[in-house]
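Single-structure report; data block below.
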Amino acid sequence: MGIYRSSKSRGLDAFFSPFHRAPWIGEPLATDIPDHLRRLSIDFFCAPFGLSDVEPAPAHGWSANARWAVRDVEHLPDGMRVRFTLSEKILSATLTKTLTVRDHHPFLYQSHRFEGGDGRMPVAYHAMIDLPNGGVVSVSPKMRAETMAEPLETEPARGRSILAYPAASKDLGRFPRADGGFSNLLRYPLDEGHVDLVMLHEQPANLLGWAVAARPVEMDMALILKPPHMLPSTVLWYSNGGRFYEPWSGRHRGVLGIEEAATFFGYGHRASIAPNTLSQSGIPTSIDVSGAEIRTIIGACDLLGSGVIQSIACDETSLSLVSSDGLTHQLAFDGHFLAHERSPRSSR
C-alpha cells in the first residue's frame, strides 16, 4: 500500500525509531475503512492529499491505498535503491516510487515520479512521529500558521479540537485557541483528548525546507527535509485522542503528523485545483502531474542539546544541525538529492 511497516536508525549508542505505527494495525476492522487507515504507519505518499473527488479513489488516493509492485532493485556501491510501480493509474499517469538508502546515512531518500498523465492535483508526504512523552518541534522559517474554516470533526460525538477555526498567526509559539487562550504549536502535546490540523507556509527565500521533532525522554529526533518550491506548506496534524469513532476510538494518542504538501488544507482534489485563498495569495496548492517528480527525505538521529534546532545546512556530503544552545551535529547526507539551484543550501 506504499506504507512503511518499520523504520530504525542507529544512533551513537542504540537503535531508535521515532516514527509512528497505529495501535489497531492487524486488528479486524469494518470493511468501509480505507486501506491506508488500516495500515497507518511511518510515512506514505498522498496523491491526491485528502478527498479524492475528481476521479474515483479512496481518501489520500491510490498511492496510499493500492498495491505497489517491485520494478527493480539496484545495488549501489554504498547502498541500495528499489523502484516500485503503482498498480493503479492517477490522472492517467503511471506512478513510480523510488526508495534509496546509503551506508552510514540515517535517512530514507524518497521519490515519486509521474510518467504521462494530464492534470493537476494536491500531493503530500504523510510522516507521523510518536511522541508518547511529549516533544519539541523545530521548523524552517515560515510565513504564518493557519487553520481552515472548520475543525476536522464538527460533531462533538465524533471528535474534539482545541484550536480556533479559522485562525492565523505569524508567531508559531502563540496560536489562538477556541477557548480564547493560546497554544505553542512547537511544543507537544498542545492539550489532551484533541485532534487539530494547522498549515504552515514556507518563507519564499527558503532553499531547504525542514522539520525536526525532538523526543527528549527518548533522546532522539525525527528529521524531515523537502524542496520548498515543490512542497511549499507543512501540515501539522496533532492526533492526541481526539477522535472517538472506529478505528480511532480515543486511543490514537501522542502522534504528530508532519505532512509536507502542496494542498488547500485537507479539502481535497477539486478544492485544491480551483482558485482558493491560498493559491490566490501565491501559495501553490497543487502540482501538474505530467512528468512531475516529488522528493522528500526522512530520518532520525540522536538528540542534540535541548532538541530545539536553530538552523540546518547541507553540502554535497553532509547535513549540519545547529541547536539553540549552540551545539552542532553533522550527519552523512546526499546533498544532491533535493537538487536545489544554489549551494550551500541552508535555512535559519
Could you go through the side chain to side chain donor-acceptor pair (under 3.5 Å) check for S323 and D325 one step at a time? CA-CA 5 Å; S323 69; D325 33 15; 2.3 Å; yes
Taking side-chain contact (heavy atoms from CB on, under 4.5 Å) as the test, write out the residues that go with Q330, two or more places apart. S318, S320
Identify whether V235 and I224 are in the same connected component of the hydrophobic contact network (ILVMFWY, side-chain heavy atoms under 4.5 Å). yes
Would you sort out whether F45 and H60 count as a ring-ring contact (aromatic ring centres under 6.0 Å, His included), showing the intermediate values? CA-CA 8 Å; F45 184 62; H60 289 325; over 10 Å; no
Is a side-chain N or O of N184 found less than 3.5 angstrom from the main chain of R174, in a donor-acceptor match? no
For a side chain to side chain donor-acceptor pair (under 3.5 Å) check, start with the C-alpha distance between D43 and Q110, then their side-chain angles and the critical distance, and finish with the verdict. CA-CA 10 Å; D43 194 7; Q110 307 183 86; 2.9 Å; yes
To the nearest 0.5 Å, atom CG of D35 lies from atom CZ of F44 at 11.5 Å
Under a plain distance cut-off of 3.5 Å, with no hydrogens placed, do N65 and H36 share a side-chain donor-acceptor pair? yes
Would you say the side chains of R113 and T96 form a donor-acceptor pair under 3.5 Å? no
Take T85 and R71, measure what side chain to side chain donor-acceptor pair (under 3.5 Å) needs, and give me the verdict at the end. CA-CA 6 Å; T85 302; R71 179 186 291 186; 3.0 Å; yes
Those residues at least two apart in sequence (or on a different chain) that pass ring pair (Phe, Tyr, Trp, His ring centres under 6.0 Å) with F175 are none
Rounded to the nearest 0.5 Å, the NZ atom of K170 sits from the CE atom of M143 at a distance of 10.0 Å
Under the side chain to side chain donor-acceptor pair (under 3.5 Å) rule, what do D118 and S92 come out as? Steps first, then yes or no, please. CA-CA 7 Å; D118 180 59; S92 301; over 6 Å; no
Are a donor atom and an acceptor atom from the side chains of S169 and D171 found within less than 3.5 Å of each other? no
Through direct or indirect side-chain contacts below 4.5 angstrom among Ile, Leu, Val, Met, Phe, Trp and Tyr, which residues connect to V308? V136
I would like to know whether E202 and S140 meet side-chain contact (heavy atoms from CB on, under 4.5 Å); could you show each step before the answer? CA-CA 7 Å; E202 294 289 327; S140 49; 3.0 Å; yes
Working note: W24 + L37, criterion side-chain contact (heavy atoms from CB on, under 4.5 Å); need CA distance, chi angles, decisive distance, verdict. CA-CA 9 Å; W24 55 76; L37 191 50; 3.8 Å; yes
Cation-pi check, K89 onto W62 ring (under 6.0 Å, within 45° of axis): no
Could you pull out the closest heavy-atom pair between R120 and L91, with the gap in Å? O-CD1, 3.7 Å
Please check this pair: side chain of R81 against backbone of T100, looking for a donor-acceptor N/O pair closer than 3.5 Å. no
Can you tell me how far CD1 of I129 sits from OH of Y188, rounded to the nearest 0.5 angstrom? 11.0 Å
Nearest 0.5 Å, please: how far is CE in M199 from NE2 in H201? 5.0 Å
Can you tell whether the side chains of R295 and E293 come within less than 4.0 Å, N to carboxylate O? yes
Dump the intermediate steps for side-chain contact (heavy atoms from CB on, under 4.5 Å) on L225 and T296, then the final yes or no. CA-CA 6 Å; L225 303 109; T296 62; over 6 Å; no
Nearest-0.5 Å distance that lies between atom OG1 in T94 and atom CZ in F114: 10.5 Å
Quick note, side-chain hydrogen bond (donor to acceptor under 3.5 Å, both in side chains) partners involving residues 191-200, not counting sequence neighbours, are Y165-D196, R177-D191, H194-D196
Qualifying residues under side-chain contact (heavy atoms from CB on, under 4.5 Å), relative to V101, sequence neighbours excluded: M80, L108
Taking E153 first and then R160, would you say they form a salt bridge - that is, a charged N and a carboxylate O separated by under 4.0 Å? no
Closer than 4.0 angstrom, basic N to acidic O: yes or no for R38 and E246? no
Of all pairs that satisfy salt bridge (Lys or Arg N to Asp or Glu O under 4.0 Å), the ones with a partner from residues 100-109, not counting sequence neighbours: D78-R102, R102-D334
Please check if W210 and L327 belong to a single hydrophobic cluster, counting links between Ile, Leu, Val, Met, Phe, Trp and Tyr side chain heavy atoms closer than 4.5 Å. yes
Could you state whether L40 and L51 fall into the same hydrophobic cluster, counting links through intermediate Ile, Leu, Val, Met, Phe, Trp or Tyr residues with side-chain heavy atoms under 4.5 angstrom apart? no
Over all heavy atoms of both residues, which pair between I273 and S286 is shortest? Give the atoms and the distance, please. CG2-CB, 3.9 Å
Determine whether V217 and V212 fall in the same hydrophobic cluster, where Ile, Leu, Val, Met, Phe, Trp and Tyr are linked whenever their side-chain heavy atoms lie under 4.5 Å apart. no
Spacing of Y238 atom OH and L256 atom CG [to the nearest 0.5 Å]: 6.0 Å
Regarding H126 and E260, do their side chains bring together a donor and an acceptor under 3.5 Å, going by distance alone? no
Which pair of non-hydrogen atoms, one from G135 and one from P216, has the smallest distance, and what is that distance? CA-CD, 4.3 Å
Would you check, one step at a time, whether the test salt bridge (Lys or Arg N to Asp or Glu O under 4.0 Å) holds for K97 with E115? CA-CA 11 Å; K97 177 196 299 285; E115 300 169 19; over 6 Å; no
Which pair of heavy atoms, one from A66 and one from L86, lies closest together, and at what distance? CB-CD1, 3.9 Å
What about H20 and H252, are their ring centers closer than 6.0 Å? yes
Do L197 and I258 share a hydrophobic cluster (ILVMFWY, side-chain heavy atoms under 4.5 Å, transitive)? yes
Could R83 and E74 be called an ion pair, given the rule that one side-chain N must be under 4.0 Å from one carboxylate O? yes
Using side-chain contact (heavy atoms from CB on, under 4.5 Å), reason through F265 and T263 one step at a time and then give a plain yes or no. CA-CA 6 Å; F265 295 98; T263 186; 6.0 Å; no
Do R158 and F244 meet the cation-pi criteria used here (NZ or CZ under 6.0 Å from the six-membered ring centre, within 45° of the axis)? no
